[in-house]
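Report on the following structure.
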There are 6 protein chains.
Amino acid sequence: MKQVTAVSPAADLIAYYGEAASDVYFQRARKTLAGAHVDAVVAMDFFASQAGILCGVAEAVRLLSELLKEGDQAWAIGEGEAMGAKETVLRIRAPYSRFGVYETALLGMLSSCSGWATAAREIVDAAGGKRVISFGARHVHPLIAPTMEYSAVVGGCAGCATPLGAQLAGLQGASGTMPHAMMLLFGDTVKAALAFDQHMGDDVLRIVLVDTFKDEAEESLRVAEALGKHLRGVRLDTPSERGGVTVDLVKEVRARLDQAGHGHVGIFISGGLDAERIREFEAARCPIHSYGVGMAISAAPPIAFTADIKEIAGKPMTKRGRIPGAEPNPRLARVI
Amino acid sequence: MKQVTAVSPAADLIAYYGEAASDVYFQRARKTLAGAHVDAVVAMDFFASQAGILCGVAEAVRLLSELLKEGDQAWAIGEGEAMGAKETVLRIRAPYSRFGVYETALLGMLSSCSGWATAAREIVDAAGGKRVISFGARHVHPLIAPTMEYSAVVGGCAGCATPLGAQLAGLQGASGTMPHAMMLLFGDTVKAALAFDQHMGDDVLRIVLVDTFKDEAEESLRVAEALGKHLRGVRLDTPSERGGVTVDLVKEVRARLDQAGHGHVGIFISGGLDAERIREFEAARCPIHSYGVGMAISAAPPIAFTADIKEIAGKPMTKRGRIPGAEPNPRLARVI
Amino acid sequence: MKQVTAVSPAADLIAYYGEAASDVYFQRARKTLAGAHVDAVVAMDFFASQAGILCGVAEAVRLLSELLKEGDQAWAIGEGEAMGAKETVLRIRAPYSRFGVYETALLGMLSSCSGWATAAREIVDAAGGKRVISFGARHVHPLIAPTMEYSAVVGGCAGCATPLGAQLAGLQGASGTMPHAMMLLFGDTVKAALAFDQHMGDDVLRIVLVDTFKDEAEESLRVAEALGKHLRGVRLDTPSERGGVTVDLVKEVRARLDQAGHGHVGIFISGGLDAERIREFEAARCPIHSYGVGMAISAAPPIAFTADIKEIAGKPMTKRGRIPGAEPNPRLARVI
Amino acid sequence: MKQVTAVSPAADLIAYYGEAASDVYFQRARKTLAGAHVDAVVAMDFFASQAGILCGVAEAVRLLSELLKEGDQAWAIGEGEAMGAKETVLRIRAPYSRFGVYETALLGMLSSCSGWATAAREIVDAAGGKRVISFGARHVHPLIAPTMEYSAVVGGCAGCATPLGAQLAGLQGASGTMPHAMMLLFGDTVKAALAFDQHMGDDVLRIVLVDTFKDEAEESLRVAEALGKHLRGVRLDTPSERGGVTVDLVKEVRARLDQAGHGHVGIFISGGLDAERIREFEAARCPIHSYGVGMAISAAPPIAFTADIKEIAGKPMTKRGRIPGAEPNPRLARVI
Amino acid sequence: MKQVTAVSPAADLIAYYGEAASDVYFQRARKTLAGAHVDAVVAMDFFASQAGILCGVAEAVRLLSELLKEGDQAWAIGEGEAMGAKETVLRIRAPYSRFGVYETALLGMLSSCSGWATAAREIVDAAGGKRVISFGARHVHPLIAPTMEYSAVVGGCAGCATPLGAQLAGLQGASGTMPHAMMLLFGDTVKAALAFDQHMGDDVLRIVLVDTFKDEAEESLRVAEALGKHLRGVRLDTPSERGGVTVDLVKEVRARLDQAGHGHVGIFISGGLDAERIREFEAARCPIHSYGVGMAISAAPPIAFTADIKEIAGKPMTKRGRIPGAEPNPRLARVI
Amino acid sequence: MKQVTAVSPAADLIAYYGEAASDVYFQRARKTLAGAHVDAVVAMDFFASQAGILCGVAEAVRLLSELLKEGDQAWAIGEGEAMGAKETVLRIRAPYSRFGVYETALLGMLSSCSGWATAAREIVDAAGGKRVISFGARHVHPLIAPTMEYSAVVGGCAGCATPLGAQLAGLQGASGTMPHAMMLLFGDTVKAALAFDQHMGDDVLRIVLVDTFKDEAEESLRVAEALGKHLRGVRLDTPSERGGVTVDLVKEVRARLDQAGHGHVGIFISGGLDAERIREFEAARCPIHSYGVGMAISAAPPIAFTADIKEIAGKPMTKRGRIPGAEPNPRLARVI
């Protein structure tokens, strides 16, 4: 599939990013400038409107490395690093005609990816040392879901839900337990758990979803009894109609599992979690093994990036409202 | 390019949506169910957590039409229609094994596209009868930017910025004026405007960006003088450092243009516009021809969709917290 | 028991209200006035600081009828009627020495009882035509709990929890279902329900508490299966740790009972209900048979009442800050 | 009088608390359990929904000492001590049949009394070292007013208004000055003060109410002139219609008394005081001798208490939503 | 005195307004323009930043009539009329050299006076038909106090406190009752009232201040008793330390006066009154004869006025940010 | 002109302040007291309702020095010093007949002047060490504008706009740059600047207003080019319709001037500045040379002052609501 190549742009993505998915006014500018024989080496700076975690710059640099030629230059801050509001995170010094039309693509990569990475970082910080898994692939279009998951991992997530997301992020494999649909088709949580245990390979953790039919505390004990030492954990994903997952619920399930001798069984929670709610669980010292987070990462808005010409033919120059000249930023490293 | 095929899924997208970009736990469920020889005809309902404009359902139905077989059924509400909170907008009745693993992809299409279309609709309503152009391609990753633009047009926008977005949405072509970079390379707005006029075809409107070097009112008069009747309009995109575009600025430019005999020149505005600000312009009866809107549409969050099994083998059945049975919705039309 | 006589005051309550439970400064005033041979016929008005439902006035009038003598007079508004802020609800015209020391008791009866009745009325109004039962005896000291229940019934409640409360309020008997303690001693809800059915008389409704061990929806079906047509209803009292009782929960239990053929089984809810939450259930047209309300009535604060002398020996007279003279109130009826 | 026995429960209060004022469903549970021959030694824990000052536990223990038999056990935290939210403050380990039906009474004692004591403690803390007198008997039904006063003293008040309240709390006598009614009957504050001085015993402090007819500052000087060294203090109870008692008023009265040579006369204030207003007086270093507080204590809502079975026959056991087992609390002391 | 001439500018005020009290940069501009021989007939528009009551324009026109020559023109809206935000209220068409240096003075007259008149109008509207007297001369410098009072009368006040203010406003005389100082020197309100009655002419209303020594209700009765039919009214000016004047106080004084047969005595109130508080008195149908208002008028901020050149030598011309050309306003009337 | 003498009161101002601009009730009190032969030496204290900067006291003392006679006394805090709320800032001990009628004038001087000085002090503190010029003469009536400017300088301003204000404040001369009107008459900023440079004396700083026709950054460069080393600074007074003056604008103009070699040109800003906005500029370390402030000072409300008699004939005495006696204040210095 071609989409997979998003992380290693080849000829057709060059065309795609320069024509099909490029703002048409850059194409018109290219034609006008060429017609008038106007071109110059410019310095163009990219910066974000707000502070956050920079992401997408690795892909941007890969694209630029296909476009720029000998003598052209680029500098950048590293993928996953913190960036300040209006701090220059990418600078290109090259003839405008070489890359001007790709401004849309470059900005888009930075905007979307940094938005997701920044949201993930806040969540991960909230969780202290606990593992956070990005489970929000379902909330974004499948063409972009793996890129979202890659960004979440750059932001600090320990895992994600789709195989391509995991591959982009350099993880061993995707993470997941069991969907409600499977429980319903088996008609009973214990039956489903036993079949899952029988048919999955050793690399798959036995973590059983326990809120489909019965009260979570009761079902956790039934499953623990049935799977014994095979059971690695239970997942609580209580629907909002039943009050969602709460501190009290987790503590009660833990206590009942322990009283029944199942101290080895971990508790995994998901469902509407965000940084605020995770901070509550952590503040209450809730005995949770890992958090599954969806929309708090996947629905995070992009961070607006801007690209400004700051020099033309070696002279400070910029549009009204901005300060001319490429101000030095010691954090920028030469990348091309 | 393969990405273009997003709107006509073929074999490799089937594979992509069912494997690479699918939640791994659906793949594990498929293996477990198959190993245990469990399957059944199920009714699965898709609904949104909040009211909005439904979008992405056309693509979802195209995907399903590749997956389902004779005797299987699907119903849906139409692309671009208003949907209520928790209203069923798509229902599938088929063996679970046929489509279960595509739940991630189906939800993702609906979530992203409906989020953008809903935001666009609010903006378009705010603008009264004025044209709204989606200019936010630069704020989302280029793999998905055209899909965002398609959704914006479904929501009511009259135009968008990239050629592929325009193609997906069935428009004649993309919309755009001039970027600041071109102005800077020419070093003067009037020079740039004359070159643009010379090199563009007749199908391109002469709308000149007037905030790069000088005060907008002064520059508008210079450009109007230089291009005469060729000039269709001026675009005000005043940076926030100069106070942004305001009601007073637009009225003043209009008055100065009129006093100088340039009543035929329209005013196009952009820059940080959202529904609230557009309502202010409209309430002040501001003489604006069209609005260019960016992040207020492109950064709109996805709307969370959920898919619930409601029947198994003809019997009402669902998970705890939901009401069993596929409740009739007269707005659903048979699509497969 | 003597407490029961609270509603028919006899000699020892006269003594109690005039000495043991009377502000000592009224006793000192009595001694000083007697020592100085000062007394006069006064008009004293009782009024509340805020609008509400008047309650306790019946008991106050009974007390006054023991105290006043021929030629003395009293007027009042009726028990359970609405009263305005600062409206005179009780007026006494008699020698001050006859009743002055009972001001504490008279004010206390009005304050406590009107506070409870006013809160009950708001709840009852919120519930539309549905029955509201006062279940808050446990939140107030047992010496006063039946008086609180009497006031709640004056405010509009259809039932209350203790036998003495029911007797004071003139009801056939107290209302109640099953406590969690009984369920726990039986160890299973169905066993407890069957024993209850066997040992209770015909006058006791079979309403079974279904949240002790299992999910409410599951347990409701088990109980309905076991008791068949004997079962009058289920009570949902879901603890806050499980999200409390919600609109969605009630609707789901109703749907699952109906789908299983138990349409005759009613739903009774309790647990942290107040007027605001009851309005939500009613606005959502939730299929509820009756509401059990605790602290929203029993913890209602007393309404402050004041008693002011307005005339002395037939002349307008009062303290600074108040308007002298007994202003006519056509709602007052002669009671003594 | 029988009500006085509230602090030393005898046979008829046992009957009252177990039948007349007990939730009827506990009586039904008793009959059902007896009919099914079900009983067991249980551990039942009592705890409050919020932090506060524990009160009523002394009376509860007295009741239990009448009910429990040899081999039964109870532990408690001390009367007047601070308690945490959900902290176990009373634990009973005995056959359920012995005390189950008294749950209503036990909870009610704790709820009402702790509500009043907690409010009193906040007021007393606000007043620094100044004396606070509970004057709110008039705002609660006379059957319970002395119990309210006892609780206020447990919370820290230095005095209360009724003789029985003072007796319950172990005080020498009740506190009080003069009511407005007495002033009005005398027609002049000085006349009333002189008669009071003549007829009261030496144990009664000469504190004269000075706001009935004239401005407080003027009246204070008249009274001080008339009573000379007999006068212990003046009470300001200015009605809200005259602006209530304020910091400025107290300071002015103090200055005028001092300038006229009445430095020995103290100032006592009352009227709508609460913790917030008392903090203002203290922050302004207002020369006040003591505060009389009414509704801020007497209208305090009860604190909800809950009783949960935590063990049955020696095994951890509780209802869904709670953690089974009687968790050790080192603050609990064996009381039975 | 020269200050009195503020309303009929003569030679020395021309000099004062053009030199001593004129922004120095206008003087520098005059010198520069003269040096460069630059002058032209201009149209200059004056407008306020917010809506309000126009005041000061009469004085402005008087000043202009001294400055302008034959052929020059001026238009204005009338003194005391409502004006809209940014509405042109004064337009001058004359050679700039003739009046440019007086811009400071013209703006200052309009700003101060319109600020006061606007505040007065809001107060007067709040008072319904009741008379409002401006008593705030003491809060502004004596050089300007009469001008403030004139503006208050333009805004609708029925009287003011100083003789010059009354003269400027065309009133018969100033309004006033008695100051606290006089009461204190007499040492008794009744003594002071009798002396006042003896020494004042018939044109002075006998309105006695009754809050200096005693409670207002008590003192009102004493004064009414002493002056009998001579007494026209009492003034309540209760200090904030005694709660200020309240609705309840006025009603009580009214009732006590009426009960004692002094129905002919009016009630006048003052002290911290503003529109909000006056609306409360009126909403409570408080029996008040007139209101004395101080800082709510005298401390009202000036309303910012701006003067813009809109035409030069007959052509639309103005500074950036404003719309060129003198827009017709049908409310403007030719004044010069 | 007579107004100039406001700072050295002579005979006619004595008359003006005692008759024309005095509250008429003081004149009536004078007549009544004289008629009744009542007079006494009193101590009268002046104090403000809120903390601030004392101003106007110098003028008040000058007035008193004309009024008081041998043996009379006065104490005061110094002009420009901080004063506390209700702190005595001026005390007079003299026969009441000597000065009573001047209470209006004395209060008015203190109120207006302290209001302006207090506002100025807050602004000056906000500006750190930067110079603040009072430019608000145009917002107050010209009779009082110089007094306002004097007060602003007492509060800390470094300059003011009118010659008389500067004279009152003891400054060398008034401050000012160029008005927009002059720019418009010249039709071009550079032409106006050159003429200004030619015709002004050496004592006038060449500070050119740069926002009349063109963008400020562009115009600043044009002016700097034209005037070279003669140019001392540019003034930014951007209208709100163009976003006002912002941190970003100042920084950009600074950068563009520096890049073009005009580092010696300072930046002066004005237009709607207040303490809050100045703090923002300072917090952003904005390279500004001085601030021009208008309404934030000139529209500051007066601070209410009160004068209370505290002693009569050597004895503590005052009105109800105040504490009798002249409390010592060590900050008071003998001034008469």
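Letters A, B, ... mirror the listed sequences (proteins, then strands); counts begin at 1. All values reported here derive from a predicted model rather than from experimental measurement.
One finds no salt bridge joining A:Lys310 and A:Asp45 here, because no Lys/Arg side-chain nitrogen approaches an Asp/Glu carboxylate oxygen to under 4.0 Å. Using a cutoff of 4.0 Å between basic side-chain nitrogens and carboxylate oxygens, A:Glu216 and B:Arg320 are scored as salt-bridged.
For A:Ile312, the part lying under 4.5 angstrom from a heavy atom of chain B is the side chain only. Contacts of A:Ala145 with chain B are absent, with no heavy-atom separation under 4.5 Å from either backbone or side chain. Only the side chain of A:Val38 comes within contact range of chain B, with heavy atoms under 4.5 Å apart. The contact between A:Tyr96 and chain B is made entirely by side chain atoms (from C-beta outward), counting heavy-atom distances below 4.5 Å. In this structure, chain B has no heavy atom under 4.5 Å from any part of A:Lys191. Of the atoms belonging to A:Arg322, it is side-chain heavy atoms, and not backbone ones, that fall under 4.5 Å from chain B. With a 4.5 Å cut-off on non-hydrogen atoms, A:Cys113 touches chain B through its side chain but not through its backbone. Contacts between A:Met178 and chain B at a heavy-atom distance below 4.5 Å involve the backbone alone (N, CA, C, O). Proximity to chain B (any heavy atom under 4.5 Å) is shown, for A:Asp215, by both the backbone and the side chain.
Considering SG of A:Cys160 and CD of A:Glu149, their distance stands at 4.0 Å, rounded to 0.5 Å.
Across B:Ile309, B:Asp23, B:Thr104, the residue that shares the most heavy-atom pairs under 4.5 angstrom with chain A is B:Asp23. No other option in A:Gly35, A:Ala137, A:Pro301 has as many heavy-atom pairs under 4.5 Å with chain B as A:Gly35. The greatest number of non-hydrogen atom pairs below 4.5 Å with chain B, out of A:Glu19, A:Gln198, A:His180, is found for A:His180. Most heavy-atom pairs under 4.5 Å with chain B, from the set A:Ser112, A:Ala36, A:Ala174, A:Pro179: that is A:Pro179. Between chain A and the options B:Ala313, B:Ala181, B:Gly165, heavy-atom pairs under 4.5 Å are most frequent for B:Ala181. When each of B:Thr177, B:Thr238, B:Ile303 is checked for heavy-atom pairs under 4.5 Å with chain A, B:Thr177 comes out on top. Contact count against chain A (heavy-atom pairs under 4.5 Å) is highest for B:Leu107 among B:Leu106, B:Val42, B:Leu107. When each of A:Met44, A:Met317, A:Met200 is scored by its heavy-atom pairs under 4.5 Å with chain B, the top score falls to A:Met200. Heavy-atom pairs under 4.5 Å with chain A peak, among B:Met182, B:Glu103, B:Gln27, B:Arg242, at B:Arg242. Residue with the most contacts toward chain B among A:Val204, A:Leu184, A:Leu33: A:Leu184 (heavy-atom pairs, distance under 4.5 Å). Of the listed residues B:Ser240, B:Pro302, B:Gly187, B:Ala195, the one with more heavy-atom pairs under 4.5 angstrom with chain A than any other is B:Pro302.
The minimum heavy-atom distance linking B:Ile92 with B:Phe46 is given by the pair CD1-CE1, 3.6 Å.
A donor-acceptor pair under 3.5 Å is formed between the side chain of A:Arg206 and the backbone N or O of A:Asp197. Without hydrogens or angle criteria, A:Ser22 side chain to A:Val101 main chain gives a donor-acceptor distance under 3.5 Å. The main-chain N or O of B:Pro142 is found under 3.5 Å from a side-chain atom of A:Tyr16 such that the two form a donor-acceptor pair. Not one N or O on the side chain of A:Arg138 forms a donor-acceptor pair closer than 3.5 Å with the backbone of B:Ala105. Remark: side-chain polar atoms of B:Asp211 are paired, donor with acceptor, to backbone N or O of B:Asp237 under 3.5 angstrom.
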TODO: Assess whether side chain to side chain donor-acceptor pair (under 3.5 Å) is satisfied between A:Asp308 and A:Thr318, documenting all intermediate values.
DONE: CA-CA 7 Å; A:Asp308 268 357; A:Thr318 196; 4.5 Å; no
Task: From CA spacing to verdict: side chain to side chain donor-acceptor pair (under 3.5 Å), B:Arg235, B:Ser270 - done: CA-CA 7 Å; B:Arg235 176 159 74 100; B:Ser270 57; 2.9 Å; yes
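Residues B:Pro146 and B:Gln167 form no side-chain contact, since every pair of their non-hydrogen atoms from C-beta on lies 4.5 Å or further apart.
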